[in-house]
Amino acid sequence: MSNPDTSIPTAQASEVIESVSSPGVVQDSLRDANVKVPTQAELSTVESKLATARSKKDTGDAAFKVGDVKSALRSYHETLLYLHGIDKNALKSLGLGSPSSLSAVDQAAGAKDITTEADVILEKVYANMSACHIKQENWKRAVDTADKALSKNAANSKALFRKAKALGELGFFEKAETALNEIKKVAPNEAPMADAELARQKMMDRERQKVHDQKMRGWLSREKKQAANE
């Protein structure tokens, strides 16, 4: 589960427009629905930001594959800077929203609910950042970034696995078990891996409990000796 996500689905704007209506009709319909229609300059800006974000993500993926985690994180962070705040109406106009049977007007009017290419990239970047933080044993940030990936797609099994691993390292075994069980629901073929991680964490929990019990016995023994000497 440590390999970064590299595949990003793309769609050509012309194909989407042709499948819905002609550009003029779409633009007129959007205006009739009182939906903000992006200007050509805004569309060009969005296209440029997306292109740069894709490039930054690819750079991060390449760095991660050769073990350069710091460079990977830097590139992923730069990717986020280009993606945050992108106008979803502009993405939809470019044909970069998820396919849907809704009309162009309905899709634009509900733009906040549309999964765009930017959302897909964000999901993968956050999941990959979680993998980087695990490499650095930065468990809390691994959980935080995995959660951000899951906010984009709750069925991301890689993000779930990384969250579970980090939670286990932090000692939150029940929460980790919940995440691992969720993997078996959304990705049944990955159940053996989830079960193996769960078994590893249970063993780790027993070892920690054993160390804790030994410390407690030592402390109680010292207390008894001090009491006897008094």
Side-chain angles (χ1 to χ4, degrees), residues 1-11 38 41-98 111-172 175-176 179 182-183 186-187 197:
M1 300 294 287
S2 61
N3 291 332
D5 294 320
T6 57
S7 59
I8 301 174
T10 58
E42 289 172 331
L43 295 179
S44 296
T45 298
V46 167
E47 283 186 301
S48 177
K49 285 184 176 181
L50 274 176
T52 303
R54 294 188 200 105
S55 177
K56 294 289 185 182
K57 178 186 177 298
D58 289 344
T59 300
D61 293 343
F64 182 86
K65 287 180 179 178
V66 298
D68 190 351
V69 177
K70 287 185 178 180
S71 293
L73 278 172
R74 182 171 58 250
S75 293
Y76 290 145
H77 178 69
E78 290 171 352
T79 304
L80 299 181
L81 295 178
Y82 281 95
L83 291 177
H84 283 309
I86 285 183
D87 186 351
K88 285 199 171 188
N89 281 328
L91 287 169
K92 185 63 194 73
S93 296
L94 290 168
L96 297 173
S98 292
K112 290 184 179 180
D113 299 322
I114 294 173
T115 299
T116 65
E117 183 183 351
D119 292 318
V120 175
I121 301 175
L122 284 169
E123 174 197 340
K124 294 179 184 296
V125 166
Y126 280 129
N128 293 350
M129 290 178 77
S130 182
C132 289
H133 290 311
I134 285 175
K135 288 283 188 181
Q136 295 180 325
E137 298 187 1
N138 192 339
W139 309 119
K140 187 178 184 304
R141 296 194 71 177
V143 173
D144 291 342
T145 46
D147 276 335
K148 288 179 179 179
L150 292 168
S151 72
K152 297 295 181 181
N153 176 13
N156 187 320
S157 59
K158 289 185 177 182
L160 282 167
F161 186 88
R162 290 161 189 166
K163 177 180 179 178
K165 181 176 178 62
L167 284 169
E169 296 295 339
L170 288 169
F172 299 115
K175 291 181 178 180
E182 187 64 22
I183 290 174
V186 302
E197 175 62 16

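Quick caveat: nothing in here was measured; it's all calculated off a predicted structure.
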Taking atom [atom1] of [X] and atom [atom2] of [Y], what is their separation to the nearest 0.5 Å?
X: Lys56; Y: Ile121; atom1: NZ; atom2: CD1; result: 14.0 Å
X: Lys152; Y: Thr116; atom1: NZ; atom2: OG1; result: 7.5 Å
X: Ser157; Y: Arg162; atom1: OG; atom2: CZ; result: 9.0 Å
X: Leu167; Y: Trp139; atom1: CG; atom2: CH2; result: 11.0 Å

How about [X] and [Y]: do any of their side-chain heavy atoms sit closer than 4.5 Å?
X: Glu117; Y: Arg54; result: yes
X: Lys70; Y: Gln136; result: yes
X: Val120; Y: Lys124; result: yes

[X] to [Y] - nearest heavy-atom pair and separation:
X: Ser130; Y: Ala142; answer: OG-O, 2.8 Å
X: Ala127; Y: Ala149; answer: N-CB, 3.6 Å
X: Ser75; Y: Thr59; answer: OG-CG2, 3.5 Å
X: Ala146; Y: Ala159; answer: CB-O, 3.5 Å
X: Val143; Y: Ala166; answer: CG2-CB, 3.5 Å
X: Met129; Y: Leu80; answer: SD-CD1, 3.8 Å

Full working for side chain to side chain contact (heavy atoms under 4.5 Å, CB included) between Glu137 and Glu169: CA-CA 9 Å; Glu137 298 187 1; Glu169 296 295 339; over 6 Å; no
Intermediate values then yes/no, side chain to side chain contact (heavy atoms under 4.5 Å, CB included), His84 and Leu122: CA-CA 9 Å; His84 283 309; Leu122 284 169; 4.2 Å; yes
From CA spacing to verdict: salt bridge (charged side-chain N to carboxylate O under 4.0 Å, His left out), Asp61, Lys57: CA-CA 6 Å; Asp61 293 343; Lys57 178 186 177 298; 2.7 Å; yes
Test side chain to side chain contact (heavy atoms under 4.5 Å, CB included) applied to Asn128 and Val125, step by step: CA-CA 5 Å; Asn128 293 350; Val125 166; 5.7 Å; no
[X] side chain to [Y] main-chain N or O, any donor-acceptor pair under 3.5 Å?
X: Asp147; Y: Asp144; result: no
X: Ser151; Y: Lys148; result: yes
X: Ser55; Y: Ala51; result: no

Side chain to side chain contact (heavy atoms under 4.5 Å, CB included) between Thr79 and Thr52, worked out: CA-CA 8 Å; Thr79 304; Thr52 303; over 6 Å; no
